[in-house]
Every structure is written in structure tokens, then in C-alpha cells.
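Here the structure is laid out as C-alpha cells; the discussion comes afterwards.
A quick note: this is a predicted structure, and the numbers were derived from the prediction, not measured. Hydrogens, waters and symmetry mates are skipped; everything else that's a heavy atom, side chains included, is used. The sequence lines fix the lettering, A, B, ..., with proteins before strands; numbering per chain opens at 1.
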Protein chains: 2
Amino acid sequence: MIAERVNVPRIAILCNALADEARVEIVARLLDGEKCVCDLMDDLDAGQSRLSYHLKVLKEAGLVADRREGRWSYYTLERAAFVEAGELITSLRPRASRTLKTNCC
Amino acid sequence: MIAERVNVPRIAILCNALADEARVEIVARLLDGEKCVCDLMDDLDAGQSRLSYHLKVLKEAGLVADRREGRWSYYTLERAAFVEAGELITSLRPRASRTLKTNCC
DNA sequence: TTGACCCATCAAAAAAACTCGATACAATCC
DNA sequence: GGATTGTATCGAGTTTTTTTGATGGGTCAA
């Protein structure tokens, strides 16, 4: 049984956070570095409450962190969570098909 | 601009398919090898139409393939799609923080 | 203090996802 | 043939997610 070695709830949470195009867009924009909500409103053109909502989903999944400075909230990507997500996806990857010739001997 | 290098729609489709615990459970079970719907009904205990529905979502995302044999439909994981998913997640991973000391010199 | 600004949160509406039972269909068995 | 089995699909109902506009809190500048 390999199934037990899979962290099902965590995979679902992380993937759920990345299941919406708007949120993936946000992540893509944050690859350029820290941004405040108003920057993101310009980049994507989305309403403020909509962005706040999606940022909250990303934050609750642990994929982004926020920092307040005066009136602004700055968001950044949480690198560790993306590393984790990659590892969890890898845990779902079946080993190479046995129908392929082995390349030994 | 790094954002343009990210395949936003594909990430959303793949993650959406893995955003539901039932579907991740199915994938986890398929790690043990090909199974028919009735096998999965036993493993998870879920109704038949529910499983068909989730299998369809997984199939449309390209994560599983099916094969008909007589009355049975056998499902398997599509390794390539999981490799792709891992790469796409990696494309969202920010480079290591600049605040860490570089380990050169 | 007043007013402008950035943002989080709320309530309501709209849209999408999910579940369940029923039906349909093809393959097998008698 | 008729009955049974394994599965896909449909429709209705429910639940969850997403969007939108409104409200309010905190910050800053005049």
C-alpha cells in the first residue's frame, strides 16, 4: 500500500489554492517580488475586494505571507510552501512504467 | 517580467483536478496500479456515480487514462502529467531569498 | 480635525462544484 | 432471448466558491 504515504489533505489544500486562474496569476506576478494589493490591482485588473479574497485563500494555504507597512499590505511568496507542493506532487508520481525496457545490462 | 513564463491556465486545470480530497485519494490508490471502478468503490467507500464523476475530472485534466475491457473500465495514472505538474509548480517557486548569505567565495 | 487613501471584511447574489438517485447501455451469463 | 453486471451519464438538489458593492478601521497629510 503506497496510498498511506500520501498526505491527501495537504495536497488538496495546496492544490485548491492554485486551482483558480486569478490566484495563479497573483502568484506569477509575485515572482517579480513583493507587491502591495494596489500594485496587483493594476497588474491584473481586478477589484480590490476580489484580490483581498484571493490573497486570503493563498495566505491560508501558506503560499504567501503579508507584511503591513503604514497603509500598505505587502505580499510575498513563501518559497518553502512551493517546495513542499513540488514534493507532494512528486509523491503522487507513479514510477516509470515497467513496460519500458530497463536500460541496464 | 517572469509572469509571462508561467502557464497559468494549465496550472489551474491540473491543480483544480487535485483540489478535492476524493480525487487525491483516487490517485493515491492508483499508485498501487491499475484499478477498475468497482475496486475503487471498495477501497474508498463511495458510490459508483460519484467515482465516475471524479474519474472524469481526473481524466479531462490528463492525470489518468482509462481502458475498457469487457464490462470493466480500468484506470491508470498518467505519469507524464504528474511530471508536468511538478515542473509547473517549480515554475512558480521563487528563487532562494537574497537575504541568505551566498555560499560562494 | 478633516479628508483622502489602502485595505480587510461583510452580506447578498451569482456561479460552480459536488452528491445522489435514476436511467441507459453494452457486455456477459443463463 | 431475458436477466445481470459494471459503468457512464443525466437531472435535481445541496453545498461551496466566487464576485460585487458597501462598510469600517487604520494611516497619513494638511
Task: Outermost DNA chain D nucleotides near chain A [under 4.0 Å, heavy atoms] - done: D/dT17 to D/dC28
TODO: Please check if A/Ile13 and A/Phe82 belong to a single hydrophobic cluster, counting links between Ile, Leu, Val, Met, Phe, Trp and Tyr side chain heavy atoms closer than 4.5 Å.
DONE: no
TODO: Taking the side chain as every heavy atom from C-beta outward, state whether A/Lys56 and A/Ser52 have any pair of such atoms under 4.5 Å apart.
DONE: no
- [ ] Output all residues satisfying side chain to side chain donor-acceptor pair (under 3.5 Å) with A/Glu25, sequence neighbours left out; order by chain, then residue number.
- [x] A/Arg29
Open item on the list: For residues B/Val57 and B/Leu77: do they belong to one hydrophobic cluster (side chain heavy atoms under 4.5 Å, members Ile, Leu, Val, Met, Phe, Trp, Tyr)?
Closed with: no
Open item on the list: For residues B/Leu88 and A/Leu31: do they belong to one hydrophobic cluster (side chain heavy atoms under 4.5 Å, members Ile, Leu, Val, Met, Phe, Trp, Tyr)?
Closed with: yes
- [ ] With heavy atoms under 4.0 Å as the rule, sort A/Ser73 into base, sugar-phosphate or nothing.
- [x] sugar-phosphate
Task: Distance below 4.0 Å between A/Tyr75 side-chain N/O and C/dA8 OP1 or OP2 - done: yes
Task: Reading 5' to 3' through nucleotides 18-30 of chain C, protein heavy-atom contacts under 4.0 Å coded B for base, S for sugar-phosphate only, - for none - done: SBBBB----BSS-
- [ ] Answer whether the closest heavy-atom distance between the side chains of A/Thr90 and A/Arg93 falls below 4.5 Å.
- [x] yes
Open item on the list: Is it the case that over 12 heavy atoms from other parts of the model lie below 6.0 angstrom from the CG atom of A/Asp42?
Closed with: yes
Task: Sidechain-backbone polar pair: B/Arg23 side chain, A/Ala12 backbone, donor-acceptor under 3.5 Å - done: no
